[in-house]
2 protein chains.
Amino acid sequence: MNLILDIIDISTPVILLNDIDARQIGVLEGDRVTITRIKSKHTIAAPVSITKTLTSQGTATVSLGTNNALDGEKGDEIEIRAASRPSSIAFIRKKMDGGKFTREETAAIISDMSSNVLSPSEITAYITAAYINGLDMDEVEFLTREMVASGEQITFSKKPVVDKHSIGGVPGNKITLLVVPIIASAGLLIPKTSSRAITGAGGTADLMEALAPVAFSASEIKTMTEKAGGVIVWGGSTNIAPADDMIVTYEYPLKIDARGQMLASIMAKKLAVGSDTCVIDIPIGPGTKIPDEAEGRILANELITLGNRLGIRVECAVTFGGSPIGRNIGVNLEVSEALSILEGKRGANSLVQKSVAIAGIALEMTGKSGSGTGSDAAYDQIKKGKALKKMLDIIEIQGGDPKVKSTDFPVGEHTFVVPAASDGYVVSIKNQALISIARTAGSPVDHGAGLHLHKKPGEYVKRGEPLLTIYAERGWRLTRAVEEARTTYPVLVEGMLLERISSNR
Amino acid sequence: MNLILDIIDISTPVILLNDIDARQIGVLEGDRVTITRIKSKHTIAAPVSITKTLTSQGTATVSLGTNNALDGEKGDEIEIRAASRPSSIAFIRKKMDGGKFTREETAAIISDMSSNVLSPSEITAYITAAYINGLDMDEVEFLTREMVASGEQITFSKKPVVDKHSIGGVPGNKITLLVVPIIASAGLLIPKTSSRAITGAGGTADLMEALAPVAFSASEIKTMTEKAGGVIVWGGSTNIAPADDMIVTYEYPLKIDARGQMLASIMAKKLAVGSDTCVIDIPIGPGTKIPDEAEGRILANELITLGNRLGIRVECAVTFGGSPIGRNIGVNLEVSEALSILEGKRGANSLVQKSVAIAGIALEMTGKSGSGTGSDAAYDQIKKGKALKKMLDIIEIQGGDPKVKSTDFPVGEHTFVVPAASDGYVVSIKNQALISIARTAGSPVDHGAGLHLHKKPGEYVKRGEPLLTIYAERGWRLTRAVEEARTTYPVLVEGMLLERISSNR
């Protein structure tokens, strides 16, 4: 049937038909059609939405997102036909019915997802079914390889190529800013892609962006890594394993983080950048993704098994995730804290120790250090100033200022000090409450927003001494963050009165 | 944060924000926001989509579908804030993790679904999870009651109120056009809502529409039923259990028909129209929804159990669904076949017997006939012309022509007779192939399109005698339907040569 094209200004894939035309064509909501632009013979296939009122008879309305491939103009004559359903839907049904994906089925799903042949609802059905019925290690391997195949890949002629990854959930985990320059300064390649904060107060990409641009193509990442030894870029801006980013976006509203998907997601980014050696940090404890050590060991084994199948040597470090890494949370506060350690200043022990431990494993795995000496060797790279020099090289090659100092990162002018309400030892810190306060104060959008922890668990505090300083760039954000801190008690001092209830308030 | 409103012309719920504004507000794709129109204080809540290019900073773009509740105008000032996720998403997660819904959780999901608080992807996640992990009878009852509560309900002062339902999959199943007037002519109330063809060649609502209008409100259905004893209307046009229609729409692209959902779907429509007595026809055989008798009995027991919980007496008839009911498929052909039987003409035995059997059960259940005599009593209503008179009353009260005759329904002028390729008995008929040919010929949109079966299983045919006539209103549709019939062999004669393969063709 021939119709006239109309185009609307949204990116979501949409093809709208009038219900009378839809009946003539023989399609219902969600059925597939092909649209061919008569003039150019360009053809696209996608699911239709049907409307009684918003598209008149004789017109097909498509979104800009859908029109990209059709390359049509408003008023073009188009031919529209009912099309058959892609086989990937049958494969999704198979998983809904408890089946196991083959490599070819996985490939079809990832390909149809990437090219918008599957609708958002169908992608959600895939994610839901894979979450409920699970993916075994074969299926996870297929998924990883197909996610890699969905985008660009990097191959280095020099080996080894190191990578690191931290499973999320711990605030202040800025160790990548230390680990990457340590490893690169030891003469190894480390093309590190990282993410922005999704639910946290600042992802590594958010932090690095305060120092240099982070959006690069795969070939730029390769060239820069070959020159500087390492980079710290934003994975979301590259075309590396884009299908993974898509799946993560669809998982987000449901707050699911299916194990098979998580394994594939981590390893796809490593495989795609050509890494052969990988250290994975698994923080455990309340508020992290992994509640206890037993679960941490299971995850570690799964990552090692998947790595073996993909030709990547993986070692995992189960780490303490019960309180923040370092004392600062928020973009400028964290960048400053990390740089000051590279500059040789005295800094938070938790940050230094964790960074050199993770970097040290990579040094040992690659033979740069002997067994048991990696951590000391990594610390040496800091003490000798080599890690700082390398970090400044990396900043420079990414287009940042190589003269930057840890003192160049201003905090927000609106501040509030939360004092201890009683004498005592700090007994616990609520990671999620701290992250939430930092976000309320403006992190990660406002670079000067965040918080500084004066006391961490085990430290003694006197009544009235500062526990926590909150920084914000805008007064109203500070007000809200302070209110939140007053009700969530993020830092608990033993013997602290949590609530006073009286009849006459 | 305050923005300016823009409105786009589509019905799908959409709120689009520029990614910089979204980061300021602190929301990601799929997160919830509230939008308040400053002028009127109208507020809505819905999930956002985020774009880099299509909505400029400072503007929020909403669809007409979303703006309905906000009642805003282009250029209005609005306040937009991050909102928390509705609790229904946590309940969907619970089902994904194998949990069981409470009544309150079911109510929250159905309510948020109906009011567009849940996104299409979240609704699909609900449907997928309920399909995979199933619903037990408690959950099915909750779902049925909440679907009823989602729309209007009818209460009759007179009892009993009868209903009938046929599980789908059999072509030519026009028995409702006979069953409803038989039951109403016996003095019973039967407010029958029916559906249009989804994947078939003509639903009961499509057939009835050839006789009279079928779109009515709940109160019109009540008034008409009280006057005429019965109606045959389109359930999709009423506000009766609208949440059910919504779920069915979301199931369609995935081609799932989850058992719990199907039970609730059938019984919600019956409960909402005030029915207390219900006969359900369960056709079994290849191409139907229920493959064999054992499965038919399980379904029957589930329907009876659910009916008991809802206060509806249910009886089920497991029927033969292996070949079409009657000999005609397609709107005018089926209407004509049904009317001619009501007019006392000799007609297809399968259609007459099945109709009086189903109507007879209702007559026995309501005490209008003694045990074992319902079927004969039902047939008597046809023979005495009472069913025809009642059908004309029903047509008239719905606004159709009460003088209509079975000969008033023209077939398409383009016809093709498929002859038998050899002598022999008809051994099988492929229901799905017949439906597909009828749809290709134009059913149900072209009322004159369809097909007539000259021979059914067990009948003898000589080579060259007609097996099947295909009717179409448009030549190109006939050509395609004939091509399809040549390759799918919908009517098989024993000893028929299916394919000739030679090297020199």
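First the proteins, then the strands, lettered A, B, ... as listed; each starts at 1.
One finds the CZ atom of R196(B) at 5.0 Å from the CZ atom of R23(A) (value rounded to the nearest 0.5 Å).
The candidate with the highest count of non-hydrogen atom pairs below 4.5 Å against chain A, out of N133(B), I123(B), I127(B), T128(B), is T128(B). In terms of non-hydrogen atom pairs under 4.5 Å with chain A, the most contact-rich of I20(B), I89(B), T249(B), L254(B) is L254(B). Counting heavy-atom pairs under 4.5 Å between each of A125(A), G30(A), A90(A) and chain B puts A125(A) at the top.
Only the side chain of R93(B) comes within contact range of chain A, with heavy atoms under 4.5 Å apart. Of the two parts of R439(A), only the side chain, counted from C-beta on, holds a non-hydrogen atom closer than 4.5 Å to a non-hydrogen atom of chain B.
K74(B) NZ: 12 or fewer foreign heavy atoms inside a 6.0 Å radius.
Remark: side-chain polar atoms of R85(A) are paired, donor with acceptor, to backbone N or O of P253(B) under 3.5 angstrom.
Between Q24(B) and R477(A) the shortest heavy-atom distance is O-NH2, 2.8 Å.
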- Message: Set out, in order, the CA-CA distance, both residues' side-chain angles and the distance that settles side-chain hydrogen bond (donor to acceptor under 3.5 Å, both in side chains) for S121(B) and T124(A), then state yes or no.
- Response: CA-CA 6 Å; S121(B) 284; T124(A) 299; 3.0 Å; yes
